[in-house]
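Keep in mind the model is a prediction, meaning the values are calculated, not measured. FYI, side chains are in, hydrogens and waters are out, and symmetry mates aren't considered; it's all heavy atoms of this structure. Counting starts at 1 for both ligands and their atoms, in listed order.
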Amino acid sequence: MKLLIINGPNLNLLGLREPAIYGSQSYAALCEKLKIWAKELGHEIEIFQSNHEGVIVDEIQWAYGKFDGIVINPAAYTHTSVAILDALKAVAIPTVEVHLSDISTREAFRQFSYVSLVAKKTICGKGFDGYREAMEYFTQETPS
Ligand code: DQA
């Protein structure tokens, strides 16, 4: 399947950023793993990262008609962005949400996710492996 993988703000700083929570591996290392897993699972992927909400909305709109699935870690916008939720609803591309950390056990403000309202599945607290699980979803399910 053709999958678009979207990463939100500050994920480009993985490795540097709060390693006790997000791990010591870099964003480049994550991208390498994503490419390896995509090959193993037979997916064609495009990886996108932005620190800007509107740019993420533009990317989701651009994906319409081009991708079979979206894997998204909206990062901090998870908890604030009705615009990203609306964009995902608008294009209706099956979406799996990933978080490196377990947002359900962190600060109260991280425990609500707008994207969960549209996501077929939400994977939390599994680090980089969560992205693999998200890609596996698209091999096992026939998204509607
Ligand atoms: C995150 C969790 C968010 O609360 C946080 O703002 C992030 C990363 C995660 O992957 O665990 O930037 O989405």
Side-chain angles (χ1 to χ4, degrees), residues 1-41 43-64 66-141 143:
M1 290 184 110
K2 279 196 79 179
L3 303 181
L4 175 61
I5 303 186
I6 300 176
N7 286 303
N10 300 305
L11 290 170
N12 56 315
L13 295 185
L14 285 176
L16 171 79
R17 175 189 186 205
E18 301 181 90
I21 297 173
Y22 300 114
S24 56
Q25 296 191 79
S26 67
Y27 185 68
L30 173 61
C31 293
E32 279 318 300
K33 285 203 165 167
L34 295 177
K35 288 175 199 161
I36 291 166
W37 291 332
K39 254 192 188 163
E40 283 174 12
L41 297 168
H43 295 309
E44 197 182 315
I45 59 165
E46 184 144 334
I47 306 170
F48 175 82
Q49 190 276 329
S50 176
N51 294 325
H52 304 276
E53 183 177 18
V55 176
I56 294 171
V57 169
D58 287 343
E59 183 73 7
I60 293 167
Q61 291 187 7
W62 169 79
Y64 179 74
K66 300 186 184 77
F67 290 87
D68 307 304
I70 291 176
V71 173
I72 187 167
N73 182 346
Y77 292 136
T78 305
H79 320 294
T80 62
S81 183
V82 177
I84 290 174
L85 169 66
D86 284 350
L88 291 169
K89 281 185 169 175
V91 298
I93 300 171
T95 296
V96 175
E97 175 185 13
V98 175
H99 298 284
L100 297 163
S101 65
D102 183 359
I103 55 174
S104 70
T105 59
R106 297 184 62 193
E107 303 96 316
F109 67 86
R110 293 186 203 274
Q111 294 180 15
F112 176 76
S113 163
Y114 282 100
V115 170
S116 287
L117 301 176
V118 72
K120 301 273 182 199
K121 186 174 182 176
T122 298
I123 301 160
C124 293
K126 297 188 174 173
F128 286 7
D129 289 345
Y131 288 83
R132 187 187 163 101
E133 198 176 313
M135 285 196 231
E136 283 170 355
Y137 171 88
F138 289 103
T139 62
Q140 289 162 5
E141 302 285 324

Can you tell me the protein heavy atom closest to [atom] and the distance?
atom                    : result
atom 4 (O) of ligand 1  : H79 NE2, 2.7 Å
atom 5 (C) of ligand 1  : R110 NH1, 3.3 Å
atom 12 (O) of ligand 1 : R17 NH2, 2.7 Å
atom 2 (C) of ligand 1  : I103 CG2, 3.7 Å
atom 11 (O) of ligand 1 : S101 OG, 2.6 Å
atom 9 (C) of ligand 1  : L100 N, 3.3 Å
atom 1 (C) of ligand 1  : H99 ND1, 3.8 Å

task: Apply the test side chain to side chain contact (heavy atoms under 4.5 Å, CB included) to residues Q25 and L14: give CA-CA distance (whole Å), side-chain angles for both, the deciding distance (0.1 Å), then the verdict.
output: CA-CA 6 Å; Q25 296 191 79; L14 285 176; over 6 Å; no

task: May I ask you to identify, for N73, whether its side chain, its backbone, both or neither come under 4.0 Å of ligand 1 on a heavy-atom basis?
output: side chain

- prompt: Is any side-chain N of the basic residue among E97 and K120 closer than 4.0 Å to the acidic one's carboxylate O?
  reply: no

- prompt: ring pair (Phe, Tyr, Trp, His ring centres under 6.0 Å) between W62 and F67: does it pass, once the steps are laid out?
  reply: CA-CA 10 Å; W62 169 79; F67 290 87; 5.7 Å; yes

message: Rounded at 0.5 Å granularity, tell me how far CD in Q61 sits from CG in D86.
response: 10.5 Å

- request: Given salt bridge (Lys or Arg N to Asp or Glu O under 4.0 Å), test R132 with E40 step by step and report yes or no.
  value: CA-CA 10 Å; R132 187 187 163 101; E40 283 174 12; 2.5 Å; yes

field: Donor on one side chain, acceptor on other, N51 and E53, under 3.5 Å
entry: no

